[in-house]
Amino acid sequence: MEQLKLKICGMGTAENILAVAALQPDYLGFIFFEASPRNFDGVIPKIDPSIKKTGVFVNASLEFILKKVDQYQLNAIQLHGEESAAFCEKLKAAWPDKPIELIKVFSIKDHFNFEELEAFEGKVDYFLFDTKGKNKGGNGFTFNWEVLKDYPSKTPFFLSGGIGLEETNKLKEFSKHLNDNGKLELLHALDVNSKFELRPGLKNIEELKQFQTKLNFQL
Ligand SMILES: O=C(O)c1ccccc1N[C@@H]1O[C@H](COP(=O)(O)O)[C@@H](O)[C@H]1O
């Protein structure tokens with residue numbers, strides 16, 4: 001079975017990027033959304049090429065996304081707004097010979113209509129489930145993961161929204177339930193952000209280390 005991946009999102013300073021990259025996450029996320037306190041406009045230092053640099057966009061234009069992919073040599077794109085399936089198709093077609101991963105976000109609180117996913121099937125590589133809150137993302141609290149227990153799709157997904165150190169027991173239960181239903185392989189990655197911050201954009205390295213250790217023991 002493939003190992004559960006980790007995405008650390010909302011990076012800011014070069015020094016902190018290097019410290020987080022040294023933890024060898026699978027994905028590092030950079031938010032390109034001016035309304036966010038984590039909006040990224042800096043320089044990404046050289047990091048291990050196995051770490052996928054992921055751009056997070058909210059209803060951005062195709063041109064803007066293309067520019068950022070080129071400028072920062074992004075490996076993955078996370079669409080965190082109301083982007084359509086047709087837009088996802090256009091984005092995929094923009095790099096026919098480059099393996100850019102496309103992640104489409106859906107925000108959930110207590111219910112989700114899985115029919116919403118249908119139009120995106122086969123057009124994106126992953127779905128990402130985040131918490132619906134007052135902000136587009138980075139709300140810092142979890143949604144009702146029970147909603148995903150009967151996940152009907154074959155598309156692997158990222159679990160996101162308010163995941164912190166105190167969620168590890170709940171994560172263990174959640175992965176056990178998926179396993180019992182033969183769906184554990186569909187949980188591709190965990191995505192963490194504001195619960196590991198000293199301030200917006202500055203990650204707490206010690207707490208991230210503790211999280212990795214707890215996950216290795218528990219999941
Ligand atoms: O973090 C932000 O400010 C943000 C703004 C706009 C879109 C997405 C954003 N962050 C994403 O939100 C989720 C969950 O974050 P949290 O753990 O609840 O803080 C994560 O995928 C970030 O990529």
Side-chain angles (χ1 to χ4, degrees), residues 4-13 16-17 20-21 23 25-42 44 51-61 64-65 68-69 72 74-83 87-88 101-110 112 120 124-145 147-148 155-168 170-171 174 187-204 207-208 210-212 214-215:
L4 181 63
K5 310 244 183 284
L6 178 64
K7 169 169 172 269
I8 302 176
C9 201
M11 301 309 305
T13 67
N16 197 238
I17 292 168
V20 173
L23 304 177
D26 302 281
Y27 297 83
L28 262 194
F30 300 88
I31 294 166
F32 299 106
F33 179 53
E34 279 193 8
S36 166
R38 304 174 186 86
N39 183 43
F40 186 78
D41 196 18
I44 305 181
I51 302 172
K52 292 173 183 161
K53 288 183 274 181
T54 307
V56 179
F57 300 91
V58 180
N59 299 326
S61 68
F64 182 77
I65 298 175
K68 295 297 174 191
V69 168
Y72 292 107
L74 302 177
N75 310 100
I77 296 169
Q78 176 175 326
L79 298 175
H80 218 107
E82 287 79 37
E83 299 84 2
F87 186 78
C88 293
E101 291 182 6
L102 195 52
I103 305 162
K104 179 70 188 92
V105 178
F106 295 87
S107 301
I108 303 181
K109 212 166 179 185
D110 292 313
F112 184 65
F120 295 85
V124 302
D125 299 288
Y126 301 102
F127 294 132
L128 184 152
F129 299 106
D130 185 21
T131 309
K132 188 179 271 182
K134 74 174 175 31
N135 300 316
K136 284 290 185 188
N139 284 293
F141 61 95
T142 56
F143 65 92
N144 179 10
W145 297 347
V147 172
L148 293 177
T155 301
F157 65 90
F158 288 64
L159 182 67
S160 183
I163 298 177
L165 276 173
E166 60 281 19
E167 269 65 48
T168 47
K170 215 169 108 182
L171 282 167
F174 180 66
L187 177 60
H188 175 67
L190 299 177
D191 181 18
V192 301
N193 179 26
S194 60
K195 283 277 192 82
F196 290 92
E197 286 183 329
L198 296 163
R199 59 172 160 79
L202 189 71
K203 285 338 193 231
N204 183 327
E207 289 195 359
L208 283 168
Q210 285 176 36
F211 186 65
Q212 284 180 312
K214 277 194 170 194
L215 286 186

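Numbering of ligands and ligand atoms starts at 1, following listing order. Nothing here was measured: the structure is a model prediction, and the numbers come from that model. Sequential numbering from 1 along the given sequence is applied to the chain's residues.
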Novice: Enumerate the atoms of ligand 1 whose separation from the nearest heavy atom of D130 is less than 4.0 angstrom.
Specialist: 12 (O), 13 (C), 14 (C)
Novice: Which of the numbered atoms in ligand 1 are below 4.0 angstrom from a heavy atom of V58?
Specialist: 6 (C), 7 (C)
Novice: With under 30° as parallel and over 60° as perpendicular, where do the rings of F64 and F57 fit, or are they tilted in between?
Specialist: perpendicular
Novice: Quick check on contacts: which atoms of ligand 1 are under 4.0 angstrom from a heavy atom of G162?
Specialist: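 Answer for ligand 1: 16 (P), 17 (O), 18 (O).
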Novice: Report yes or no: does K53 contribute a side-chain atom to a donor-acceptor pair with the main-chain N or O of N75 at less than 3.5 Å?
Specialist: no
Novice: Got an N/O contact under 3.5 Å between R38 and ligand 1?
Specialist: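 In this structure, R38 places an N or O atom under 3.5 Å from an N or O of ligand 1.
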Novice: Does a sphere of radius 6.0 Å around NZ in K132 hold more than 12 heavy atoms from other residues, nucleotides or ligands, not counting ones at 6.0 Å or beyond?
Specialist: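 For K132, atom NZ is not crowded (no more than 12 foreign heavy atoms under 6.0 Å).
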Novice: Specify the closest pair of heavy atoms between C88 and L79, including all atoms of both residues, with the distance to one decimal.
Specialist: SG-CD1, 3.7 Å
Novice: Identify which of F33, F196, Y27 has a heavy atom lying nearest to atom 6 (C) of ligand 1.
Specialist: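 It is F33 that holds the nearest heavy atom.
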Novice: What is the ring orientation for F157 with F174, classed by angle as parallel under 30°, tilted 30 to 60°, or perpendicular over 60°?
Specialist: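 Answer is perpendicular, since the angle exceeds 60°.
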Novice: Suppose we measure from atom 21 (O) of ligand 1 to each protein heavy atom; which comes out shortest, and what is that distance?
Specialist: D191 OD2, 2.3 Å
Novice: Which protein heavy atom lies closest to atom 19 (O) of ligand 1, and at what distance to 0.1 Å?
Specialist: S194 OG, 2.4 Å
Novice: Taking only heavy atoms of S160 into account, list the atoms of ligand 1 that are under 4.0 Å away from them.
Specialist: 13 (C), 14 (C), 20 (C), 21 (O)
Novice: State, to 0.1 Å, how close D26 and K5 come at their nearest heavy-atom pair, and which atoms those are.
Specialist: OD2-CA, 3.2 Å
Novice: For T131, state whether at least one heavy atom is located under 4.0 Å from any atom of ligand 1.
Specialist: no
Novice: How about F143 and F112: are their ring centroids closer than 6.0 Å?
Specialist: no
Novice: Could you check atom 1 (O) of ligand 1 against the protein and tell me its nearest heavy-atom contact, residue, atom and distance included?
Specialist: N193 ND2, 2.8 Å
Novice: Which is closest to atom 8 (C) of ligand 1 in terms of heavy atoms, G81, G137, P37, A35?
Specialist: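 Checking each option, the heavy atom nearest atom 8 (C) of ligand 1 is found in G137.
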Novice: Around atom NZ of K170, are there more than 12 heavy atoms from other residues, nucleotides or ligands closer than 6.0 Å?
Specialist: yes
Novice: Is a donor on one side and an acceptor on the other found under 3.5 Å between the side chain of E83 and the backbone of N59?
Specialist: yes
Novice: Considering only heavy atoms of S36, which atoms of ligand 1 have at least one such atom less than 4.0 Å away?
Specialist: 2 (C), 3 (O), 5 (C)
Novice: I'd like to check which ligand 1 atoms, numbered from 1 as shown, lie under 4.0 Å from a non-hydrogen atom of Q78.
Specialist: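 Selected atoms, number and element: 21 (O), 23 (O).
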Novice: Among all protein heavy atoms, pick out the one at the shortest distance from atom 11 (C) of ligand 1; state its residue, atom name and that distance to 0.1 Å.
Specialist: H80 CE1, 3.6 Å
Novice: Is the distance between the ring centroids of F211 and F196 under 6.0 Å?
Specialist: yes
Novice: With heavy atoms of C9 as the reference, note each atom of ligand 1 found under 4.0 Å away.
Specialist: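 Within the 4.0 Å cut-off of C9, ligand 1 contributes 22 (C), 23 (O).
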Novice: Do the charged groups of K214 and E166 touch, with an N to O distance under 4.0 Å?
Specialist: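 So K214 does not pair with E166 through a salt bridge.
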Novice: I need the nearest protein heavy-atom contact for atom 12 (O) of ligand 1: residue, atom name and distance, please.
Specialist: G138 N, 2.8 Å
Novice: Can you list the ligand 1 atoms lying under 4.0 Å from a non-hydrogen atom of I31?
Specialist: 1 (O), 2 (C), 4 (C), 9 (C), 10 (N)
